[in-house]
Amino acid sequence: MSQVKVFALGGLDESGKNMYVVEVNDSIIVIEAGLKYPDADQLGVEIIIPDFTYLIENKDRVKGIIITHGHDDVMAALPFLLKQINIPVYTTPLTAELISNMIHKEGIRNVKIHRIKRSGEFKIDGIKVRTFSMTHSIADAFGVAIDTPQGYVVYTGEFLIDYDIRDEAFQCNISDLAEIGKKGVLCLLTESGSADRKGHTSPNHRIKELIQTPMEDAPGRIIITVYHQNFYRIMEIVELANKLNKKIFIYDEGLKELIRFNERLGYYRIPMGLELPSSSFSNDLDDIIILITGNGHKVFRTMNRIAMKEDSKVELRENDTIIIASPIVPGTEIEAGIMENELYKEDVNIIALNSKSVLSMHASSEDLKMMMYLFKPKYYIPVKGEYRQLVSNANIAMVMGLTADKIIVLDNGQMAVFEDKVLKSCSRFIDLEEVLIDGDDNLDVTGYVLRDRETLSTDGVIVIGIVCNYKTKEIIGGPDVQSRGVFYLKDADYIVKNIADMMMNIINENVANNTYDNMSTRMEAREKIQKYVLKETGKRPMILPAIIEINVQEE
């Protein structure tokens, strides 16, 4: 009897960190490997990636990973996975270029990247996989249909329906979707992030009409911020610059790299002579467009640095026009707010596009209905979104005629198990932990590191240093008490003195009782000093006793 399992290792009840798994009997096929950005209280964390433990434990059964497009929320965690499991990657040419570049920078070698067609067929471990082209904000996006003995498991990726797209690298072939639907779809997985938006996303995803007049009326330079992975929006800006006969300076090297990949594949080329090279750029130039781009919060940090007069390339001038064409996405709210606040301190004209005036290039309710109509799934699984968005997506499925028992709203790690084309169980759970990345290193996934950072940021730290004779344990130096972020020392001399006395007394008592041990004595001192400081100040600072034992030369 064949068995099909569908579950997520990330991407449910959250924005980003997408990773979905389809098991066909003993074979595991992974779809996506993305990151998400941390919340404000996750101090010092740069990114968050899925927990790969299940895949590592079953690495012999993992036959490949499919990446549907070149955005961080679906591919940027891939290097972390490939460092632990060497599995083949299947994706379209542009995304393959981005992945190759990314893993090369990480020093990862010997990974097989299969370049597949947006609309075509291939096999993974004998399992037929069919791809279909989808329209998204970056070229080469596609969805995937995995052929199982029980019917297709279809994952649409991120998309919108736009009949006016003329660029082949962005087009969607509706007939391919309908053909898959006719052959039988066991379950359909579609994105949920914009499920609560009414109507179609198109044409409200375009910004040309919103920024053309401000660009025409700008008295001086135009500075535009936009996410560099939203290449569709960058194309709009470039075409408008060409129409207005304005040179464009691309600030971000990452975007220049993406443009080169698109040119190499024949997807898009900036009109000849339009781009101003770095060697020719000067802050004194007038009548140019400066394009500030970056991934996630980086675009806001760059613009904030410019507003703070801390950037080496660009300095604001009073007749500049700033167009914020990158509406806030989850995890970037703080950086975006700081940037906008600093910009308003300058004598510049600011035009900020928001999520109400320009829609993100994701499926709205009518786009989702189109997918359900074409694929005609037996079961429906909302993915990619916070829980309220998953529920909104599920409600759309009910409007389309699916009954509640055919709509499966899962949690990360929760398995939907199908046998004989029927959902048999959703009771099995895989325990998952978020993996927090600080720079290039993994943090403690239990959260102790974050709690320590939160303590330091709110209640401060007290360090007590003392030196003892290694042999006799006699105190020969200190105690030296240092406090940061707890109290003002001039107003708390008595607290510092009492902490020092407590440290000496604990050591002396343990030595006298013949119970002295460096580690246990430090733990005892930490506990007693913490209770004392809480009583005196109402704070729970981090207490760090340090007992240094040195050999003393006997005379």
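For the numbers below, each heavy atom of this structure counts, side chains included, while hydrogens, waters and symmetry mates do not. Because the structure is predicted, anything quoted here is derived from the model rather than measured.
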Would you check, one step at a time, whether the test ring-ring contact (aromatic ring centres under 6.0 Å, His included) holds for Phe261 with Tyr268?
CA-CA 9 Å; Phe261 292 151; Tyr268 184 76; over 10 Å; no
Thr293 side chain to Val226 backbone, donor-acceptor under 3.5 Å
no
Are the ring centres of Tyr54 and Phe7 closer than 6.0 Å?
yes
For a quick test of reading the model, state the closest non-hydrogen atom pair linking Ile56 to Gln84 and the distance between them.
CD1-OE1, 2.9 Å
Flag the pair Lys83 and Glu106 as a salt bridge only when some basic side-chain nitrogen lies within less than 4.0 angstrom of an acidic carboxylate oxygen.
yes
Does any non-hydrogen side-chain atom of Ile31 lie less than 4.5 Å from one of Thr68?
yes
side-chain hydrogen bond (donor to acceptor under 3.5 Å, both in side chains) partner of Asp162, the single match among His200, Gln171, Arg206:
Arg206
Where the side chain of Asp411 meets the backbone of Gln414, is there a donor-acceptor pair that is under 3.5 Å apart?
no
NZ or CZ of Lys376 within 45° of Tyr373 ring axis and under 6.0 Å
yes
Within 6.0 Å of CD in Glu168, more than 12 heavy atoms from elsewhere:
no
In terms of side-chain geometry, is the basic nitrogen of Arg61 or Glu23 positioned less than 4.0 Å from the acidic oxygen of its partner?
yes
Lys63 atom NZ, neighbour heavy-atom count above 12 within 6.0 Å:
yes
Whether Gln389 side chain and Glu386 backbone form a donor-acceptor pair below 3.5 Å
yes
Is it true that a side-chain atom of Asn18 and a backbone atom of Asp73 form a donor plus acceptor pair closer than 3.5 Å?
yes
Is a side-chain donor-acceptor pair under 3.5 Å present for Tyr37 with Ser15?
no
Tell me if a side-chain donor or acceptor on Asp147 pairs with a main-chain N or O of Lys128 at a distance below 3.5 Å.
no
Taking the six-membered ring for Trp, are Phe159 and Phe132 closer than 6.0 Å centroid to centroid?
no
Any sub-3.5 Å donor-acceptor pair from Thr156's side-chain atoms to Gly143's backbone N or O?
no
Ring centroid separation for Phe52 and Phe80, is it under 6.0 angstrom?
no
Do the rings of Tyr232 and Phe170 sit parallel, tilted or perpendicular, given the 30° and 60° boundaries?
perpendicular
Which one of Leu189, Ile408, Leu423 satisfies the side chain to side chain contact (heavy atoms under 4.5 Å, CB included) criterion with Val6?
Leu189
Determine whether Tyr155 and Val22 make a side-chain contact, defined as any pair of heavy atoms from C-beta on separated by less than 4.5 Å.
no
Pair Lys256 + Glu253, salt bridge at N-O below 4.0 Å
yes
Nearest heavy-atom contact between His228 and Ile234 is O-CD1, 3.4 Å
I want to know whether Phe122 and Tyr90 have ring centres closer than 6.0 Å.
yes
Carboxylate-amine/guanidinium proximity below 4.0 Å for Glu366 and Lys198
no
Whether Asn412 side chain and Leu12 backbone form a donor-acceptor pair below 3.5 Å:
yes
Verify whether one side chain among Asp125 and Ser27 offers a donor that lies under 3.5 Å from an acceptor in the other.
yes
Does Asp431, at its CG atom, have more than 12 non-hydrogen atoms belonging to other residues, nucleotides or ligands within less than 6.0 Å?
no
Backbone N or O of Thr91 within a donor-acceptor pair of the Thr95 side chain at under 3.5 Å?
no
What residue among Ile180, Val154, Ile146 forms side chain to side chain contact (heavy atoms under 4.5 Å, CB included) with Arg130?
Ile180
Are Asp196 and Arg388 ion-paired here, with the side-chain N under 4.0 Å from a carboxylate O?
yes
Taking atom NE2 as the centre, does His104 end up with more than 12 heavy-atom neighbours from other residues, nucleotides or ligands that are less than 6.0 angstrom away?
no
Classify the ring geometry of His69 against His136: parallel below 30°, tilted from 30° to 60°, perpendicular beyond 60°.
perpendicular
Side-chain heavy-atom pair Ser194, Lys384 within 4.5 angstrom cut-off:
no
Do Lys36 and Glu46 meet the salt-bridge criterion of a basic N to acidic O distance under 4.0 Å?
no
More than 12 heavy atoms from other groups under 6.0 Å of NZ on Lys378:
yes
Sub-6.0 Å ring centroid separation between Tyr379 and Phe418
yes
Would you find more than 12 non-hydrogen atoms of other residues, nucleotides or ligands less than 6.0 Å from Tyr387 atom OH?
no
With a 3.5 Å distance limit and no angle check, can you tell me whether Arg301 reaches the backbone of Met339 through a side-chain donor-acceptor pair?
no
Ser100 to Ile113 - nearest heavy-atom pair and separation:
OG-CD1, 3.3 Å
Mark yes or no for whether Ser425, through its side chain, and Val417, through its backbone, hold a donor-acceptor pair below 3.5 Å.
no
